[in-house]
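Encoded as structure tokens, the structure appears first; notes follow it.
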Amino acid sequence: MSRYIIDLKRQKGAISPEIQGHFAEHLGRCVYEGLYVGQNSDIPNTDGIRDDVASALREMKLPVLRWPGGCFADTYHWRDGVGDPAKRKKIVNYHWGGTVEDNSFGTHEFMRLCELLGCEPYINGNLGSGTVAEMQEWVEYLTFDGVSPMAALRAENGHEAAWKVKYFGVGNENWGCGGSMRPEYYADEYRRYQTYLQNYGGNVLYKIACGACDFDYKWTEVLMERAGRFMNGLSLHYYTRPHERTWDHKGSATAFDDAEWYQTLQNTFKMEELLDRHSAIMDRYDPQKRVGLIVDEWGAWYDVEPGTNPGFLYQQNTMRDALIAGINLNLLAKRCDRVKMANIAQLINVLQAVILTDGARMLRTPTYHVFHMYKEHQGAALLDSFLEPGTAGTGEITVPALHESASLASDGTAHITLCNLDIHASHTVETTLLGGKIASIEGRVLTGAPSGHNTFETPDAVSPQAFTDFKLTAEGFAATLPPCCVVSLRVKV
Ligand code: AHR
């Protein structure tokens, strides 16, 4: 039995909806096939965007979408992707499989996608191989509503009105695929590029500087010291891999034993240290917490599915990924004072995807269901909560058995999300709810075998069910979580 205390009166700030954000790169079958099939496809679509996928993403309440990369962003020249699609330049996507990129999905198509999904666009500019003028003109093309060459070009290409774009990234992984830069050099480049990114009309940019690769604390230190005052956000990338010694053998997405399950989840918890230590550096330069920590790439990265193109990063998605998602979303929510956005990599058919497609077929992965179960936290107030986590594991590899977060919505409903990482044992939580009396509880549970996953033949094998294993008590409620599960509770007080 684990004690769990939630205090309705102690609210710790708003959970930014954008921490449940996503990322779509021109990589493998994410954009093409996954999101965009073109207007002439037999697959039902709106302006080329798949209707089935758009409807599933709307249901999940996707708040923000990052595009066009990733490593692709620092090779992308936005002019290649506007104007008559038949005349658009065909280029080689040399980071991701050397495929032909025909640029049929460009700025207008992305903005239309965001409109259909009802989400904020987050555009990542090219600092690595693009010019300052090119980046400046992209922002002008997108957001300037007066008389200018870029506004005229936009109108000529069929969109008279300026769009609203808040989130703009100034380069991606500039320590690696975005230019192999030293932090000192990138900090100066960042300062130069961002100088020319203007706020036009009522559009106010939230400028995001390229941040560190996992444990590179020096990068954060240098960026905050030299460029902190010129940015609104600083990014961080961290991927969970079962085997961290080499990128050649990361581990299989579906075939793993108990030890690998716990090792993967233990690696997931490294996010906690990363968030806290990068935040501590940011606190020294920005005690007011003006600059947001933007975790714009996170998720599980395994070996590709056997027989698929290694450059496409296509992997299956199991209950282990559901737990990785649940833990990360809890960790991010609990740091809502500093973490203002996070983007799981990637949306469809790439890495820890929420949707997989095969021609006209699509399925929702266990990770999709976790985002759906957590969506009530978006914009809600984080509640002070404490859970005795217990431990689970095998041999020397141990993890907390339980993990949670709780929030209060504006209508007074509390939402609680709980994960049981233990493969073999159920766990009971005895909950004390301070500051209110419970009127009713409703719950959902996602559970299954550790390697349980959805296939195109059985797309709903792993899907949420009603959760009823709880009872009201004098202090709150007691709930028994089955092994290997994610639970969401809606508590009316
Ligand atoms: O998400 C796949 C790749 O991982 C991205 O392109 C890059 O930014 C990161 O290294």
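The analysis underlying the following values was restricted to heavy atoms, covering all of them including side chains, and did not include hydrogens, waters or symmetry mates. Counting convention: from 1, in listed order, for ligands and their atoms alike. Quantities reported herein were computed from a predicted structural model and do not represent experimental measurements.
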What atoms in ligand 1 come closer than 4.0 Å to a heavy atom of [X]?
| X | result |
| --- | --- |
| Phe23 | 1 (O) |
| Glu173 | 7 (C), 8 (O), 9 (C), 10 (O) |
| Gly70 | 5 (C), 6 (O), 8 (O) |

Would [X] count as a polar contact of ligand 1, with the cut-off being nitrogen or oxygen pairs under 3.5 Å?
| X | result |
| --- | --- |
| Cys71 | yes |
| Asn172 | yes |
| Tyr239 | yes |

Practice task
Using the six-membered ring of Trp175, assess whether NZ or CZ of Arg182 lies under 6.0 Å from its centre and within 45 degrees of the ring axis.
Solution key: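 No cation-pi geometry.
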
Problem - Within 45° cone of Tyr36 ring axis and under 6.0 Å: Arg50 NZ or CZ - result: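 No - Arg50 does not lie over the ring of Tyr36 by the 6.0 Å and 45° rule.
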
Handout entry: Shortest protein contact, atom 6 (O) of ligand 1 (heavy atom only)
Key =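 Here the closest protein heavy atom is Glu25 OE1, 2.7 Å.
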
Exercise for the section: Specify the protein heavy atom at minimum distance from atom 9 (C) of ligand 1: its residue, its atom name, and the distance to 0.1 Å. Expected result: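 Of the protein heavy atoms, Glu297 OE1, 3.0 Å lies nearest.
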
Handout entry: Side chains of Glu134 and His77, donor plus acceptor under 3.5 Å
Key =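 Yes, because at least one side-chain N or O of Glu134 sits under 3.5 Å from a partner of the opposite role on His77.
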
Exercise for the section: Sorted by first residue and then second, give each disulfide bond (SG atoms under 2.5 Å apart) pair with at least one member in residues 61-101; sequence neighbours left out. Expected result: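 Every pair satisfying disulfide bond (SG atoms under 2.5 Å apart) with a residue in residues 61-101: Cys71-Cys177.
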
Exercise for the section: Quick one: look at Trp298 and ligand 1, take heavy-atom pairs under 4.0 Å, and tell me if it's side chain, backbone, both or neither. Expected result: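 Answer for Trp298: neither.
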
Exercise for the section: Could you tell me whether ligand 1 has any atom less than 4.0 Å away from a heavy atom of Phe72? Expected result: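 No, Phe72 has no heavy atoms under 4.0 Å from ligand 1.
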
Handout entry: Trp67 and Tyr76 aromatic centres sub-6.0 Å
Key =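 For Trp67 and Tyr76, the ring centres are under 6.0 Å apart.
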
Handout entry: Any Trp261 side-chain heavy atom under 4.5 Å of Pro242 side chain
Key =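 A side-chain contact is absent here, since even the closest heavy-atom pair is not under 4.5 Å.
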
Practice task
Taking Arg58 for its side chain and Leu116 for its backbone only, find out whether a donor-acceptor pair lies under 3.5 Å.
Solution key: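 At least one qualifying donor-acceptor pair exists.
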
